[in-house]
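Throughout, numbering of the chain's residues begins at 1 and tracks the sequence.
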Amino acid sequence: MRIDIVSVFPEYLAPLQLSLIGKAATAGVLDIAVHDLRNWTTDKHRTVDDTPFGGGAGMVMKPDVWGRAIDDLATEDTVLVLPTPSGEVFTQGIAESLKAEQHLLFACGRYEGIDARVAEHYAASGMTVRELSLGDYVLNGGEVAALVMVEAIGRLVPGVIGNPESLVEESHGPDGLLEYPVYTKPPQWRGLNVPDVLLSGHHAKVAQWRQQQARERTAARRPDLWAKIQG
């Protein structure tokens, strides 16, 4: 998978060089490149934004600059991802669907966002455009969201996670449940004990306990998810 990320603050994306995503990039499992949007400006001030038509506070990112950047980086397989608080909420299901794409191009907006004609133009041209939000809140820019999405998608690509079994029983998996609580050594810590069933060696009972804990946790913490499961 190739992932290109365009931002006016490319240094913000440095964490992509760390941990499993960074190792996968070094090994060639993921091909990740970060680009400075200002490289596609044409004036001496390297201007990427201007005042909004219709008035209002803030600045809007210019479509001509973004157009040049996207045109240069896009291929026939590109999915253009626009992190925006007005987008569809990003979920594990969306991460699963995007992991199979050949090329993801993240356009990280700033200020009041990217001129709406950018998404409109590329969608009309036949490119898949995904406007995605992390949730019901506003960030200063799309870089944080891009970091989250790249990690959520990238870790699903075969070869990124060393043990694929780690992906089987996770929160927001196929069953929709949150993950059960997990424990390790020592068996007693500050007066708190690991549940006896986990020390029993009885695999069927352990599986049953974990399933029950996942159901109880989901019902208590995410009644919205629980309602969908009960359906």
Side-chain angles (χ1 to χ4, degrees), residues 1-16 32-99 101-154 224 228:
M1 172 185 282
R2 176 168 177 79
I3 300 174
D4 284 291
I5 308 171
V6 184
S7 165
V8 290
F9 297 113
E11 299 86 355
Y12 213 118
L13 286 305
L16 292 174
I32 301 176
V34 177
H35 310 271
D36 188 341
L37 177 64
R38 296 186 192 278
N39 290 338
W40 284 276
T41 57
T42 57
D43 66 307
K44 66 178 182 180
H45 299 295
R46 307 183 78 197
T47 305
V48 298
D49 58 353
D50 210 328
T51 55
F53 283 117
M59 304 288 277
V60 176
M61 301 194 87
K62 294 167 63 64
D64 51 338
V65 180
W66 273 110
R68 287 190 290 271
I70 295 169
D71 287 349
D72 280 354
L73 295 172
T75 70
E76 61 181 15
D77 299 318
T78 297
V79 174
L80 178 61
V81 181
L82 301 171
T84 169
S86 61
E88 178 185 3
V89 175
F90 182 72
T91 64
Q92 187 68 20
I94 291 175
E96 288 279 357
S97 69
L98 292 177
K99 76 174 183 182
E101 299 294 343
Q102 296 298 308
H103 182 214
L104 300 180
L105 173 53
F106 287 82
C108 298
R110 278 268 158 177
Y111 320 120
E112 294 303 307
I114 299 172
D115 187 302
R117 289 172 293 179
V118 173
E120 181 181 353
H121 167 77
Y122 287 101
S125 72
M127 183 181 292
T128 300
V129 178
R130 301 296 300 268
E131 296 186 74
L132 299 173
S133 168
L134 291 188
D136 297 334
Y137 49 87
V138 179
L139 301 169
N140 287 332
E143 290 80 10
V144 171
L147 285 171
V148 170
M149 294 178 197
V150 169
E151 178 152 322
I153 297 163
D224 56 325
K228 291 180 182 179

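Using a 4.5 Å heavy-atom threshold, the side chains of Met127 and Leu105 count as separate. Looking at Leu37 and Arg110, their side chains never come closer than 4.5 Å, going by heavy atoms from C-beta outward. By the 4.5 Å heavy-atom criterion applied to side chains, Phe90 and Val81 are not counted as neighbours. Within the 4.5 Å cutoff, side-chain heavy atoms of Trp40 are placed close to those of His35. Here the side chains of Val8 and Met61 are in contact, with some heavy-atom distance below 4.5 Å. Proximity of Thr128 to Glu101: side-chain heavy atoms (C-beta onward) are nowhere separated by under 4.5 Å.
More than 12 heavy atoms of other residues, nucleotides or ligands sit less than 6.0 Å from atom OH of Tyr137. For Asp136, the CG atom counts as loosely surrounded, since its 6.0 Å shell holds 12 or fewer non-hydrogen atoms of other residues, nucleotides or ligands. By the neighbour-count criterion of 12 heavy atoms within 6.0 Å, atom CZ of Arg46 is densely surrounded, having more than that number from other residues, nucleotides or ligands. Other residues, nucleotides and ligands place no more than 12 heavy atoms under 6.0 Å from the CD atom of Glu151. More than 12 heavy atoms of other residues, nucleotides or ligands shown are found within 6.0 angstrom of CG on Asp224.
For the atom pair CG of Leu147 and CG of Leu134, the computed distance is 10.0 Å after rounding to the nearest 0.5 Å. Once rounded to the nearest 0.5 Å, the distance linking CD1 of Ile114 with CD1 of Ile70 reads 7.0 Å. Atoms CD and CG, on Glu143 and Leu16 in that order, are 11.0 Å from each other to the nearest 0.5 Å. Summarising the geometry, atom CD belonging to Gln92 is positioned 10.0 Å from atom OG belonging to Ser97; distances are rounded to the nearest 0.5 Å. Asp72 CG to Asn39 CG: the interatomic distance, rounded to the nearest 0.5 Å, is 10.0 Å.
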Legend entry - Evaluation steps, side-chain contact (heavy atoms from CB on, under 4.5 Å), between Tyr12 and Val34: CA-CA 10 Å; Tyr12 213 118; Val34 177; over 6 Å; no
Inset, instruction - In sequence, state the C-alpha distance, the side-chain angles, and the governing distance for Thr75 and Arg2, and then conclude on side-chain contact (heavy atoms from CB on, under 4.5 Å). - result: CA-CA 11 Å; Thr75 70; Arg2 176 168 177 79; over 6 Å; no
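Nearest heavy atoms, Val60 versus Pro52: CG2-CB, 3.7 Å. The shortest heavy-atom contact between Glu131 and Ala119 is OE2-CB, 3.8 Å. Shown here for Gly87 and Ser133, the closest heavy-atom pair between the two residues is O-CB, 3.6 Å. Among all heavy-atom pairs drawn from Pro83 and Met149, the shortest one is CB-CE, 4.5 Å. Of all heavy-atom pairs between Ile5 and Ala146, the closest is CG2-CB, 4.4 Å. Gly58 and Glu112 get closest at one heavy-atom pair: CA-CG, 3.7 Å.
The closest donor-acceptor contact from the side chain of Tyr122 to the backbone of Gly67 lies under 3.5 Å. Side-chain atoms of Thr78 never come within 3.5 Å of backbone atoms of Leu80 as a donor-acceptor pair (strictly under, hydrogens ignored). Listed for the Thr47 side chain is no donor-acceptor partner under 3.5 Å among the backbone atoms of Asp49.
Partner Phe106 forms a side-chain contact (heavy atoms from CB on, under 4.5 Å) with one of Asp4, Val6, Val150 and no other, that one being Val150.
For Lys99 and Glu96, the salt-bridge test passes: some basic side-chain N is under 4.0 Å from an acidic carboxylate O.
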